Amino acid sequence: GLLGSADMLGSAALPRHSVSPPCPAAKVGDFEGIDPPETLLHAGIHCVRFAVVMMHRPWCLWSLSGEAKRDRIKNQSAWAQHELALLEQRLAAHQLHMAEGRPVLVLCFAGLLWRQSITVRRLQRFLPCVGSLDVGFIPSTGSDIFPGNHFKVISSIASFGTRVQPGSFGYRLFNNLSSRGECVTSLGGLYTELPTDSERRRAVEAEAYFARWAHD
């Protein structure tokens, strides 16, 4: 499937077949002390490079998360501070990966839902080896997913995106040719659950940071 958690950081291994001169990236057998998979060795892959794909969920789309809704009901301030902490953790992770020279692609959850073709093209440019991606794909239990995975997606990205509209969450897409958009709720109404002005400013800055990276 294509859909991932908005709060999750993932990585993809990019194979490189040439081993002469020596590959400056990590060797396949170096990962977690395990033996390299036979399928990689048989394909002539001895080294991998890592690329990072991150998902950013704009603040105003919080209600798309069942966990966020439950936490917000319990304690709005604690929920908002937790959201800010996650946002800043992702920001720090992004900066670290960039500083260490890893390729990084930031996807916007809104773009995944409502500008699917643009998001797919961005992924395919970033990961040319990924091939075709189907936003209409519906995973099947027993073949694609298994009960132990606790995978909660029961429909395709395409169908889910048609059932929910950005305006109902206070989100506005700029045009049909871009995945760019913004939360249109006023600043005072968007971060009111954060108890201090300092935290609200940090949230604004972190959101603006990802807005620069999450779109072409």
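Fair warning: this is a prediction, and the values are worked out from it, not measured in the lab.
- Leu64 is listed as a side-chain neighbour of Leu113, based on a closest heavy-atom distance under 4.5 Å.
- Listed for the Trp62 side chain is no donor-acceptor partner under 3.5 Å among the backbone atoms of Lys69.
- Smallest separation of non-hydrogen atoms from Phe146 and Gly142: CE2-O, 3.2 Å.
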- Query: Hey, mind stepping through Asn175 and Arg180 against side chain to side chain donor-acceptor pair (under 3.5 Å) and telling me if it holds?
  - Reply: CA-CA 8 Å; Asn175 57 62; Arg180 291 183 180 276; over 6 Å; no
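- Contact record, Val135 with Ser156: O-CB, 3.4 Å, taken as the closest heavy-atom pair.
- At a threshold of 4.5 Å between non-hydrogen side-chain atoms, the residues Asp144 and Phe137 count as touching.
- Rounding to the nearest 0.5 Å places CG of Asp71 at 6.5 Å from NE2 of His82.
- Atoms CZ and CG, on Arg201 and Leu194 in that order, are 12.0 Å from each other to the nearest 0.5 Å.
- Cluster annotation: Met55 is connected to Leu133 through the hydrophobic network of ILVMFWY side chains, with a link wherever side-chain heavy atoms come within less than 4.5 Å.
- Residues Pro195 and Gln81 are in side-chain contact: their nearest non-hydrogen atoms beyond the backbone lie under 4.5 Å apart.
- Note: Arg115 CZ to His215 NE2 = 11.0 Å, rounded to the nearest 0.5 Å.
- Proximity of a side-chain donor or acceptor of Thr162 to a complementary backbone N or O of Ser159 within less than 3.5 Å is detected.
- Hydrophobic clustering of Ile, Leu, Val, Met, Phe, Trp and Tyr side chains at less than 4.5 Å, counting indirect connections, keeps Ile138 apart from Ile145.
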Practice item. Any chance you could lay out the side chain to side chain contact (heavy atoms under 4.5 Å, CB included) test for Val164 and Trp114, step after step, and finish with the verdict? Key: CA-CA 9 Å; Val164 293; Trp114 299 304; 4.0 Å; yes
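- In this structure, the side chains of Leu107 and Leu112 stay at 4.5 Å or more apart for every pair of heavy atoms.
- Side-chain contact between Arg200 and Thr192 is absent, with no heavy atoms from C-beta onward closer than 4.5 Å.
- Going from atom CZ of Arg122 over to atom OG of Ser179 covers 5.5 Å, rounded to the nearest 0.5 Å.
- Shown here for Gly131 and Gln124, the closest heavy-atom pair between the two residues is O-NE2, 3.0 Å.
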- Item | Candidate pair Arg57 and Leu87, rule side chain to side chain contact (heavy atoms under 4.5 Å, CB included), full reasoning | CA-CA 9 Å; Arg57 186 187 71 212; Leu87 186 60; over 6 Å; no
**OP:** Go through the steps to decide whether Gln165 and Ser168 satisfy the test side chain to side chain donor-acceptor pair (under 3.5 Å), and finish with yes or no.
**Re:** CA-CA 6 Å; Gln165 298 302 313; Ser168 62; over 6 Å; no
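- Residues Phe210 and Leu96 do not share a hydrophobic cluster, clusters being chains of Ile/Leu/Val/Met/Phe/Trp/Tyr side chains in contact below 4.5 Å.
- Nearest heavy atom pair, residue Val104 against residue Met54, reads CG1-SD, 4.1 Å.
- Taking the side chain as every heavy atom from C-beta outward, Arg72 and Glu193 approach each other to under 4.5 Å.
- Looking at heavy atoms from C-beta onward, Tyr191 lies in side-chain contact with Glu207 at the 4.5 angstrom threshold.
- Taking 4.5 Å as the limit, some side-chain heavy atom of Gln95 sits within range of a side-chain heavy atom of Tyr209.
- One hydrophobic cluster, built from ILVMFWY side chains closer than 4.5 Å, cannot hold both Phe174 and Val184; they sit in different ones.
- A distance of 5.5 Å separates CH2 in Trp59 from CG in Leu84, rounded to the nearest 0.5 Å.
- With hydrophobic clusters built from ILVMFWY side chains whose heavy atoms lie under 4.5 angstrom apart, Leu61 does not share a cluster with Ile118.
- The minimum heavy-atom distance between Pro58 and Cys183, with the atom names listed, is CB-SG, 3.9 Å.
- Atom OH in Tyr171 sits 4.0 Å away from atom SG in Cys108 (nearest 0.5 Å).
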